[in-house]
Amino acid sequence: MDYQFAAIEKKWQRFWADHQTFKPEDSTAKPKYYVLDMFPYPSGAGLHVGHPLGYIASDIFARYKRLKGFNVLHPMGYDSFGLPAEQYAIQTGQHPAITTEANIATYRRQLDQIGFSFDWGREVRTSSPDFYKWTQWIFMQLFNSWYNKDADKAEAIDKLVKHFEQHGSAGINAVCDEEVLTFTADEWKALDDRAKQTELLKYRLTYLRESTVNWCAALGTVLANDEVKDGFSERGGFPVEQKKMMQWSMRITAYAERLLQGLDTIDWPEPLKEMQRNWIGKSVGALVKFRISDFQFRNSDKSEIENPKSEIIEVFTTRVDTIFGTTFLVLAPEHELVTSLTTPEQKANIKAYIAQAKKKSELERMADAKTVSGAFTGSYAINPVNGEKIQIWIADYVLAGYGTGAVMAVPSGDQRDYLFAKHYNLPIIPIIDIQKIETEADPTKEGRYINSGFINGLTYKEATVAVIAKLEEMGTGKAKVNFRMRDAIFGRQRYWGEPVPVYFKEGLPYLIDEKDLPLVLPEVDKYLPTESGEPPLARASNWRYKGTEAYEHSTMPGWAGSSWYWYRYMDAHNDSEFASKKAIEYWKDVDLYIGGSEHATGHLLYSRFWNKFLKDIGLVIAEEPFKKLINQGHIQGRSNFVYRLNYTLIPKNADKFEKIEDEVNWHDDVIFKLPLIFISFEVVERIKYNSQYRTDTENFINNEYLKDELNKYEGKVLLTLKPENIVSKIHVDVNIVENDVLDFTAFTKWRPELHNAGFISDGGKYICGWEIEKMSKSKFNVVNPDDLIVRYGADTLRMYEMFLGPLEQSKPWNTNGIEGVFKFLRKFWRLFHDDAWNFIVSGEEPTKVELKSLHKIIHKVEEDVERFSFNTSVSSFMIAVNELTDLKCNKRAVLQNLVIILSPYAPHICEELWVLLGNEPGTLSLAPYPKFNPAYLVEDEFAYPISINGKTKINLNIPLSFDLKETENFVLAHADMQRYLDGKSPKKVIVVKGRIVNIVL
RNA sequence: GCUCGGGUGGUGGAACUGGUAGACACGCAGGACUUAAAAUCCUGUGCCCGUCAAAGGCGUGCGGGUUCGAUUCCCGCCCCGAGUACCA
């Protein structure tokens, strides 16, 4: 039989499903290997050809590992809570669960026909109560934990309570809110429950607090920082504003240092690690207190006078060594001391500046980065190291949210301070001997200090240590590490998410009982916020804990379920634990994770955080969840275009015609009855800029092409006068274009109203233009895997996606080359068959050449797969099949091995041939990978390239048994060399055995 | 601005630690088979010069360097993509 891919693929997909071929064994004899894909959000549009790229790669790897004797876990599921289903629900009233269910069915059908080796028995869906029961459960563990800095791990909140009862707050070193109480054990015990709970909330790893959030009014929800791009929502592009709200937060900052350190222990792409490092944003520096000179509480607020907030301004700096160069202080306009510091004379100025700064949006502030602005408060501070009196300013280049919201300005070393000082005529003091500060700040760390009191003459390292020691001694500063990363907001004012397992009593949050889990999402009449602005869950009638207490009305953010889902796959049906101890001990962590880099600072950071927490409380074993990670590149769209010729009609007898506008009315109702004319890509430029060509085309249209139509209207065609207007570029569906050639029949079917359109081209073929764009419906460049599978089969699609280029590289999708891969598979099939398609395989002993071909590919594929270079192994398969075809090799001893090594790439065709070869059906997936024997690759001779002065001239076959000198003599004595040597004797001869001979003349 | 990728034929890409640049495939051109089409097969295909051929010259973004030899290493620059941004 000919290669009947459709039947073969269907047959084996059913076989795998029926026999649960890819279910990992429970016995633990084999080593485990866990291959994970980032599970998809099931969107309504279904899969396009870019989605499976990573899945195909991970599937090849999973199948390869099975052949290599590993017990492979390779699961799949759905991240099925999300905004699109909810938006659709708001528009149509349909429950998001129904939409989601339908979308999942589509995804499943599409995934199934690609032939993945997933163990579907372990499927998870984040929106299913069986699953989110455990997401809620983990939330409860976080609520019941605090971070003990001394132990450097999370601990049970009960332990903290016990400490409070015995020792009060003394001796606690926790990651917590800024304003915690100090109390003795007795004072603690005297507190009522409400006060105790209020205090404990400041320590819990998930906690409520008033936070400034990114509020998106159009979406009716709060967004995480990584969901906001340039002041607009990433999804939908709606404006986002800053708003204060009570919000659940996750104390991820407690793990900042461990998240940073952990990066050095995992095998991830360097750019991705770098993104996480930047996001965490560690800076090592110092806090320094500046006393305010003559602080006198200038505002009239009595309470502040009685209970002054502070007489000092604390700043954070990473260059404490430059402290002697401090010539002024700058506070963020929002800084709490600004009002008190402002003198009556400066009040109007400061007020105006603050108002102006407030008005500026995030976006403007960014665009404005270069302009210097600020205002003097009228107050002064004292530099602790030299007693200098310096001015205190406010400016919006200092951010309230970072460090202490105040900086010591060192204009000689910091460019922003430098510009500010120049602009407002403030002093600039050089502090390092080699500093060059005529035109800009010089942040050098080289050289020795000057103008710097007790550190004069020291180096950077010495000075930093000396200054910190001195400040600590004076009690006016200390070393301090600062992080850019903020605690993560953990609430969305949306319906389609996990309910938070919390109810409120007297305004304080309490966890519901564990046995009441899952807290199921209630039904609501509408998926919109209430009239009073409450989240949609407030609409649920009678939705109260134990019938009385109000539940939390916000739901968890999109990243909640995905922050731990890989553990659920280990034991997907357990209803007493999120995964059994046994399963976690065996599978431990993910060995290979494949997905897109867009999750760098979202999912991948939160997952690491939850994993570390789960480890701290003893539920999991690994410190890091994903040992090795690969980012597959994005598949971009490749759009095709046709070029419509823009013409106008003029009366037949008009010779000259310049003012087309005047005649628009005349031809308007006529022109649309005339067929559209499209010109082929290669004539576009010519018709624009070659007036002779244009005239010829015009004549052609008038006298031949549209002769009859034009006679009817007594008009003639005139091509638009301006070259840039002569054609309009129009997207055409890439699916009716092959190798950039337009299929006319398909075109008329696609656009029936254009059945009489005309095409002008050079060689009868209409060549389309192309451009790389995002893949999207509106650009008609979406390629659907279903269509390709119908036409070429899944095996071809799988191999072609890999053949496209390196996995990690982004690339445009182009179906042009797919024929080559299809031809390859047919050629492979033909190796096993005679001309009449009878299956014929011989039992003869293979020849040396045949074995060489085989072992070359065994080795090459092994190497390629291990370094995820799938594109090169596809080429190697082609080479091997080409060689074996030339050798007319149909020997079982060769072909059976070839079937095994090709099977991860093209599993269906290989299963079929495996059975035709007489093997038990379904055993291919666990067959042993053939053993590479280097002996078959040993050569007696090598065709040395002989180069003269580094330029290759000829090739000579030389026995590899020759040593260097023998080889050199052989080359120099060879007749073909005489022409090049021309009687001269070479200055030098370099012989690299088995590689090259280079002669220097 | 900073950080990280990347620039190789008409196209996608290959060349693993410095050793024959352009593997493999697409496309294109020519040919075979066929009534025809599809399928299949064969030949050629980096550019320039050359009637075929031979021979030669130029070629991995640009300019320099190290080396017997550089797509690969070093220095300087240009361009494209991604991330990030007044982080003190």
Can you classify the ring geometry of [X] versus [Y] as parallel (below 30°), tilted (30 to 60°) or perpendicular (above 60°)?
{"X": "A/Phe970", "Y": "A/His974", "value": "tilted"}
{"X": "A/Phe824", "Y": "A/Phe877", "value": "tilted"}
{"X": "A/Trp813", "Y": "A/Tyr800", "value": "perpendicular"}
{"X": "A/Phe870", "Y": "A/Tyr905", "value": "perpendicular"}
{"X": "A/His833", "Y": "A/Trp829", "value": "parallel"}

For [N], does either OP1 or OP2 sit under 4.0 Å from a side-chain N or O belonging to [X]?
{"X": "A/Asn882", "N": "B/A25", "result": "yes"}
{"X": "A/Thr952", "N": "B/G19", "result": "no"}
{"X": "A/Arg830", "N": "B/U40", "result": "no"}
{"X": "A/Lys988", "N": "B/C68", "result": "yes"}
{"X": "A/Ser283", "N": "B/A88", "result": "yes"}

Practice prompt. Report the residues that fulfil ring pair (Phe, Tyr, Trp, His ring centres under 6.0 Å) with A/Tyr792, sequence neighbours left out, ordered by chain and then residue number.
Written response: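 Counting only residues at least two positions away or on another chain, A/Tyr792 forms a ring pair (Phe, Tyr, Trp, His ring centres under 6.0 Å) with A/Phe822.
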Discussion item. Quick check on contacts: within residues 815-825 of chain A, what sits under 4.0 Å from RNA chain B by heavy-atom distance?
Written reply: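 Those residues whose heavy atoms fall under 4.0 Å from RNA chain B, taken from residues 815-825 of chain A in numerical order, are A/Asn816, A/Gly817, A/Gly820, A/Lys823.
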Worksheet entry | Residue A/Val992, side-chain heavy atoms: nucleotide from B/C4, B/G12, B/G19 that is nearest |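 Nearest listed nucleotide: B/G19.
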Worksheet item: Out of B/G13, B/U20, B/G57, which has the shortest distance to the side chain of A/Lys811?
Response: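 From the listed options, B/G13 comes nearest.
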Practice prompt. Determine the interatomic distance between C1' on B/C42 and the same-named atom on B/G46; round to the nearest Å.
Written response: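 Straight-line distance between the two C1' atoms is 23 Å.
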Worksheet entry | Separation between the P atoms of B/G22 and B/C16, rounded to whole Å |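 Between the two P atoms, the distance is 13 Å.
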Discussion item. Any base atoms under 4.0 Å from A/Asn482, or only sugar-phosphate, or nothing? Heavy atoms, all strands.
Written reply: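 Nothing, no heavy atom under 4.0 Å.
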Worksheet item: Taking CG from A/Asp414 and C1' from B/G1, how many angstroms apart are they, rounded to a whole number?
Response: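 Distance, rounded to whole Å: 13 Å.
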